[in-house]
Visitor: 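Please read through the structure below; I'll follow up with questions.
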Amino acid sequence: MTRRPLESLRSQRWFASNDMRGFAHRQRTQQMGMRREEFLGKPVIGILNTWSEMSPCHAHLRDRAEAVKRGVWQAGGYPVELPALSVGEVMVKPTTMLYRNFLAMEAEELLRSHPIDGAVLLGGCDKSTPGLLMGAFSVDLPVIYCPAGPMSNGQWRGQKTGAGTHTKKYWDELRAGGITQADWVDLESRMTRSAGTCNTMGTASTMTSIVDAMGLTLPGASSLPACDSGHPRMASTCGSRIVEMVWEDLKPSTFITRASFLNGVAAYMAMGGSTNAAVHLIAMARRAGVDLTLEDLADMAGRVPVLANLFPSGSYLMEDFYFAGGLSALLNKVRPLLDLSCRTVTGGTLGDSLADAPCWNDDVIRDVANPVVPLEKGRTLALLKGNLAPNGAVMKSSAANPKFLKHTGPALVFDDPGTMNRVLDDPDLYVTEDHVIVLRNAGPVGAPGMPEWGNLPIPKKLLKQGVRDMVRLCDGRMSGTHYGSCILHISPEAAVGGPLALLQTGDLVRLDVAAGTLDMLVDDAEIARRRAAWKPTAYRYERSFTALYQQHVSQAHEGCDFDFLTGTAPVPDPVIY
């Protein structure tokens, strides 16, 4: 491939001129102990690192940044590490989703405002992948994504235990009296054995697998466990490859297409991935100028069954998936549904990447003829619409109790999680398995930030009776590690006047997943009366980033991006005087 001339690199605007500003840029770089020969005439590679001591998923990324630097130096580049907001899911409250757009803004502005020619993006926990890539798509420099990788397998008393999935399972068992408080404490130190993202098919591995299939990582990089010795080697290779990508001017806009996104969607469905990806994929597509809708996702879900036998839909963990052949082996099993001509960060095609990708365990990575969940029994993503969700709601029907996929029951409605949690533990509460539990004001504006509140708790009295699933509705999200008959992302949300705001306790709710419908059985005249009487209940922030978020965030079916960031309108490089 033709190598672009040195003078065409954007970093040369900072370092090559003989005026006072060029002198200052070179002078200040030498102030940091660099020799002129170490940085002049070389591509400047930014390493956007979301490492943080508050993000256990990213606890190893400081070391991985050093591995990336080795690769950059080896390939003749000049690496510079830039810290970026760490959106570690567990510690950040109310939710990292509130700050995904913040990270996207930071990534875009870090890359644009500095003398960066290309970048390696270090992330992995749920919102870091879409956040970093949304920013990268908007600035459109050569980038390669280096995923943090899943943590090592967990085990407790001879049973596989996965982060998130089994936390929820054993919490329900504790509330029901099935395990003791001592068991619960013992679990704390045994389920999460290493740095890295959730080892189940949660949002983290869903998103890294999607961008792997889209061609934004080294082939198969998303499956590498965080603490495998191959992981720092992969990071070093990212450093070497990004230098080549800069010389090739291989920007996202030159190879990421609608077909690339659809390849990612196919991987999403075959993995049995998180419902959260529906929001992130649409936001990423809009930054890349690609038309992608919930209908596109649902269409692919109807063609690709769950093939990855991973919690919460299956029975293995991500380390097992890696040893079985990883994402590349899975993609080979859905080849007819992929556009193999799509280019990747390697400079070749997806087809080239999959040419030698065998599967070593056909139980962990199933064939289409032997899926984990047949399409007629459940899908990775079901799209629902009706008078409760005019713009759509989503459900992972593959991880739900089949008996609830067609259900009518009375609503039990809550406006905030605190009240809901108190009431649902009341032993005198009148509630049956047929009730539909509803939490509203959990959406992007209402919560704010659309937290993972959607896996609503089962009432304690029902847990003691052996009930482990019910139909639950929420305009928020739920963790991709969770499971159950949960309808999520109801749009428009209650806080902006969506129909969910008009639902009352006792109203009948009808769900029909096969028909794709979600309705309240209330006549139009009564709905109109309630609409006329409705008043907003969500708190509106008057200052802070949250105020900006509430004023500019879009609804779930539109990706929850900011209105002033969506699209591909050009933003000029900064002037230098």
Side-chain angles (χ1 to χ4, degrees), residues 168 274-276 278-279 294 378 381-397 399-401 403-421 423-424 429 431-447 450-459 462 467-479 482-522 527 530 534 537-538 555-557:
K168 180 66 170 64
S274 166
T275 48
N276 291 312
V279 175
L294 285 176
L381 192 78
L383 173 60
L384 305 168
K385 290 190 175 183
N387 68 2
L388 268 175
N391 294 331
V394 300
M395 180 186 194
K396 185 191 282 193
S397 59
N401 188 326
K403 76 176 185 178
F404 290 124
L405 298 184
K406 187 173 184 179
H407 180 78
T408 301
L412 184 57
V413 182
F414 298 96
D415 287 320
D416 67 89
T419 302
M420 176 187 68
N421 290 334
V423 171
L424 291 183
L429 174 68
V431 62
T432 71
E433 186 182 20
D434 289 332
H435 272 82
V436 176
I437 302 176
V438 180
L439 176 66
R440 60 192 175 202
N441 298 318
V445 173
M450 206 181 179
E452 293 182 342
W453 294 345
N455 191 269
L456 310 183
I458 306 296
L462 295 183
V467 174
R468 292 296 183 270
D469 197 10
M470 296 173 69
V471 176
R472 287 158 281 176
L473 309 185
C474 188
D475 48 9
R477 301 175 299 111
M478 80 172 181
S479 168
H482 289 177
Y483 52 90
S485 303
C486 302
I487 292 91
L488 309 154
H489 309 185
I490 293 175
S491 182
E493 63 176 306
V496 299
L500 191 66
L502 311 179
L503 187 68
Q504 296 181 1
T505 293
D507 291 342
L508 288 178
V509 173
R510 183 173 61 201
L511 165 68
D512 189 334
V513 175
T517 57
L518 178 66
D519 295 289
M520 55 176 163
L521 303 185
V522 179
I527 291 175
R530 294 180 190 180
W534 177 78
T537 58
Q555 289 293 293
H557 71 287

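Given the structure is predicted, the values throughout are model-derived calculations rather than measurements.
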Visitor: Quick one: pull up CG in L294 and NE2 in H489 and give me the separation to the nearest 0.5 Å.
Guide: 9.5 Å

Visitor: Between R472 and C486, is there a donor-acceptor pair closer than 3.5 Å when you use the side chain of the first and the backbone of the second?
Guide: no

Visitor: Which atom pair, heavy atoms only, marks the closest approach of L502 to R440?
Guide: N-NH1, 4.2 Å

Visitor: Which value, rounded to the nearest 0.5 Å, describes the distance between I437 atom CD1 and L424 atom CG?
Guide: 5.0 Å

Visitor: Answer yes or no: is there a side-chain heavy-atom contact under 4.5 Å between N401 and R468?
Guide: no

Visitor: Which atom names give the shortest non-hydrogen contact between I487 and A393, and what distance separates them?
Guide: CG2-CB, 3.7 Å

Visitor: Give, for atom CG of D475 and atom CD of Q555, the distance between the pair rounded to the nearest 0.5 Å.
Guide: 8.5 Å

Visitor: About how many Å separate OG1 of T517 and NZ of K385, when rounded to the nearest 0.5 Å?
Guide: 12.5 Å

Visitor: Which heavy atom of P417 sits nearest a heavy atom of L439, and at what distance?
Guide: N-CD1, 3.8 Å

Visitor: Which atom names give the shortest non-hydrogen contact between L503 and A411, and what distance separates them?
Guide: CD2-CB, 4.0 Å

Visitor: Which of these passes side chain to side chain contact (heavy atoms under 4.5 Å, CB included) with M395: L381, L473, T275, L405?
Guide: L405

Visitor: State which residue, out of N421, D416, D415, fulfils the side chain to side chain donor-acceptor pair (under 3.5 Å) condition with T419.
Guide: D416

Visitor: Between G476 and L488, which heavy-atom pair has the shortest distance, and what is it?
Guide: O-CB, 3.6 Å

Visitor: Side-chain contact, heavy-atom cut-off 4.5 Å: L412 with T505?
Guide: yes

Visitor: Closest heavy-atom contact between P410 and G506?
Guide: CB-O, 4.2 Å

Visitor: For the pair D434 (side chain) and G409 (backbone), establish whether a donor and an acceptor sit closer than 3.5 Å, ignoring hydrogens and angles.
Guide: no

Visitor: Using a 4.5 Å cut-off on heavy atoms from C-beta on, say whether the side chain of N387 contacts that of M520.
Guide: yes

Visitor: What's the spacing between L500 CG and L518 CG if we round to 0.5 Å?
Guide: 8.5 Å

Visitor: Any salt bridge (charged side-chain N to carboxylate O under 4.0 Å, His left out) involving residues 492-511? Give me the pairs, sequence neighbours left out, ordered by first then second residue.
Guide: D507-R530

Visitor: CE/M450 to CG/N276 distance, rounded to the nearest 0.5 angstrom?
Guide: 7.5 Å

Visitor: Just to verify, what does F414 make a ring-ring contact (aromatic ring centres under 6.0 Å, His included) with, not counting sequence neighbours?
Guide: none

Visitor: Can a donor-acceptor pair be found, under 3.5 Å and without considering hydrogens, that links the side chain of D469 to the backbone of S485?
Guide: yes

Visitor: With side chains defined as the heavy atoms from C-beta onward, is the minimum distance between M478 and K168 less than 4.5 Å?
Guide: no

Visitor: Less than 4.5 Å apart, side chain to side chain, heavy atoms only: is that true for S274 and R477?
Guide: no

Visitor: For the side chain of D512 and the backbone of A514, is there at least one donor-acceptor N/O pair under 3.5 Å apart?
Guide: yes

